There are 2 protein chains.
Amino acid sequence: MNNETRTLFFSFFNEIGIIAQLSRTALEARLPKGLTLPHFSVINHLIRVRDGQTPLAIARAFQVPKTTMTHTLNGLAENGFVEIRPNPEDGRSKTVWLTDAGRRFRDEAIRSIDPDIEAFRARYPEDKIRALVPDLADIRAVLDANRD
Amino acid sequence: MNNETRTLFFSFFNEIGIIAQLSRTALEARLPKGLTLPHFSVINHLIRVRDGQTPLAIARAFQVPKTTMTHTLNGLAENGFVEIRPNPEDGRSKTVWLTDAGRRFRDEAIRSIDPDIEAFRARYPEDKIRALVPDLADIRAVLDANRD
DNA sequence: ATTAACTTGTACGAAATCGTACTAATGGAG
DNA sequence: CTCCATTAGTACGATTTCGTACAAGTTAAT
């Protein structure tokens, strides 16, 4: 392979990785101590989609092993942000429900993150971000397909 | 803040995070067991820039804590990919040097990753990637500046 | 109805990441 | 020269991530 091509793709994925790391760090700086991006993301997911899902369904939505999701959900349950109940339709499995505290956690997190988004938007135009999202979604889909 | 705007930025960083995760997993699938993206990246860095750097300089280049870099470098040293020698200019510090095995590791890793890059390129045009890199670099720079 | 194959969640252990606290060395103020 | 603040690296412990192995429940084939 052409070395310039290889360098290009490496640079691309390198920039992606750095942005992911920086944005994650910036977000977690706004969360209460001990809570991480996955904690916030799961709560957000339960609000955006719906709660009452099984741990495995949530793990699949985030493309993480189910053991990882067990750990994340335990952290949320210990903080009282979700309640884990048996699944009446399947004795093997469980369902995950938001609590009021969980919704409050999400509201407060968003409120404290908003200024960072504003700061970012002031320096990088929203329209350019809007234009990038579909490209990134395409790239994600290609990588996803290549996973087999 | 406008909810649509917030959702847009969340989607953007979410896509970035997923791509970072997928590309990292794809790369590590090609590395010998026990070796990770940071291992490969450090070796690559030492080749692209120069070897003989101090651990702290490398940690700063990757924006990770120095304890993390100590751990990564120990892994590389145990595999015989780098040699860690005292720094003749500063008794507190050390210097990190590539070995022949380290260079071979890098060459082989690249050889086994190339087909994945080709597969990706076949589904997503190189020119679009080329156009995205500067945008991502800008975004990275903005996030970096906001870190204070 | 019984059995075998599969699914869901978890316990456990390994490895990566990172904060805190420490040691050793450096360098500047006096 | 002496002292003290600073710097480089590491030991240690906590947490996250994830693979393996397992227990409990479900499903499908006979």
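To find a chain, count down the sequence lines: A is the first, B the second, and so on, and within it residues start at 1. What you see is a predicted model, and the numbers here were worked out from it, not measured in a lab.
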Atom-pair distance ([atom1] on [X]; [atom2] on [N]), nearest Å:
| X | N | atom1 | atom2 | answer |
| --- | --- | --- | --- | --- |
| A:Asn74 | C:dC12 | CG | C1' | 14 Å |
| B:Gln63 | C:dC18 | CD | P | 11 Å |
| A:Leu37 | C:dC18 | CG | P | 13 Å |
| A:Asn87 | C:dT10 | CG | P | 13 Å |
| B:Lys66 | C:dG19 | NZ | P | 12 Å |
| B:His71 | C:dA14 | NE2 | P | 13 Å |
| B:Leu73 | C:dC18 | CG | C1' | 15 Å |
| B:Arg92 | C:dA25 | CZ | P | 10 Å |

By the 4.0 Å heavy-atom rule, please label A:Gly34 as base, sugar-phosphate, or nothing.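 Contact class for A:Gly34: sugar-phosphate only.
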*At under 4.0 Å between heavy atoms, what does A:Arg85 touch on the DNA or RNA strands: base, sugar-phosphate, or nothing?*
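Nothing, no heavy atom under 4.0 Å.
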Quiz item: How far does OG of A:Ser23 sit from CD1 of A:Ile18, to the nearest 0.5 angstrom?
Solution: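 Interatomic distance, A:Ser23 OG to A:Ile18 CD1, rounded to 0.5 Å: 11.5 Å.
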| field | Separation of A:Ile58 CD1 from A:Gln53 CD (nearest 0.5 Å) | value |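 Rounded to the nearest 0.5 Å, the CD-CD1 separation comes out at 5.5 Å.
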Please tell me whether A:His39 and A:Phe81 form a close aromatic pair, meaning their ring centres lie under 6.0 Å apart.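 No, ring centres 6.0 Å or more apart.
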Checklist entry - Ring centroid separation for B:Phe12 and A:Tyr124, is it under 6.0 angstrom? => result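 They do not qualify: ring centres at least 6.0 Å apart.
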message: Ignoring hydrogens, what is the shortest heavy-atom contact between B:Ala109 and B:Phe40? Give both atom names and the distance.
response: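 Looking at all heavy atoms of both residues, the closest pair is CB-CE1, 3.6 Å.
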- [ ] Write down the atom of B:Gly102, the atom of B:Ile43, and the distance for their closest heavy-atom approach.
- [x]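 Here B:Gly102 and B:Ile43 meet closest at O-CG2, 3.7 Å.
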- [ ] Report the nucleotide, chosen from C:dG19, C:dT26, C:dT17, that has the shortest atom-to-atom distance to any side-chain atom of B:Thr67.
- [x]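 That would be C:dG19.
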Just distance, no hydrogens or angles: give the donor-acceptor pairs under 3.5 Å from side chains in residues 65-74 of chain B, sequence neighbours left out.
unit_1	atom_1	unit_2	atom_2	d
B:Thr70	OG1	B:Lys66	O	3.1
B:Thr72	OG1	B:Thr68	O	3.1
B:Asn74	ND2	B:Thr70	O	3.4

* Using a cut-off of less than 4.0 Å, is there contact between a side-chain N or O of A:Ser93 and OP1 or OP2 of C:dG9? ->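 Indeed, a polar side-chain atom of A:Ser93 lies that close.
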| message | Here's a test of your reading of the structure: between A:Gly91 and A:Thr68, which maps to the more 5' nucleotide of DNA chain D? | response |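 Nearer the 5' end of the strand: A:Thr68.
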* **Nearest-nucleotide 5' precedence on DNA chain D, B:Asp90 against A:Thr72** =>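 That would be B:Asp90.
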Does a distance-only test, which skips hydrogens and angles, find a donor-acceptor pair under 3.5 Å between the side chain of A:Lys94 and the base of C:dG9?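 Such a pair does not exist between side chain and base.
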First and last nucleotide of DNA chain D touching chain B, 5' to 3', heavy-atom cut-off 4.0 Å?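 Result: D:dT7 to D:dA11.
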Problem set entry | Pairwise 5' ranking along DNA chain C for B:Leu35 and A:Leu56, keeping only the more 5' one |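 It is A:Leu56, whose closest nucleotide lies nearer the 5' terminus.
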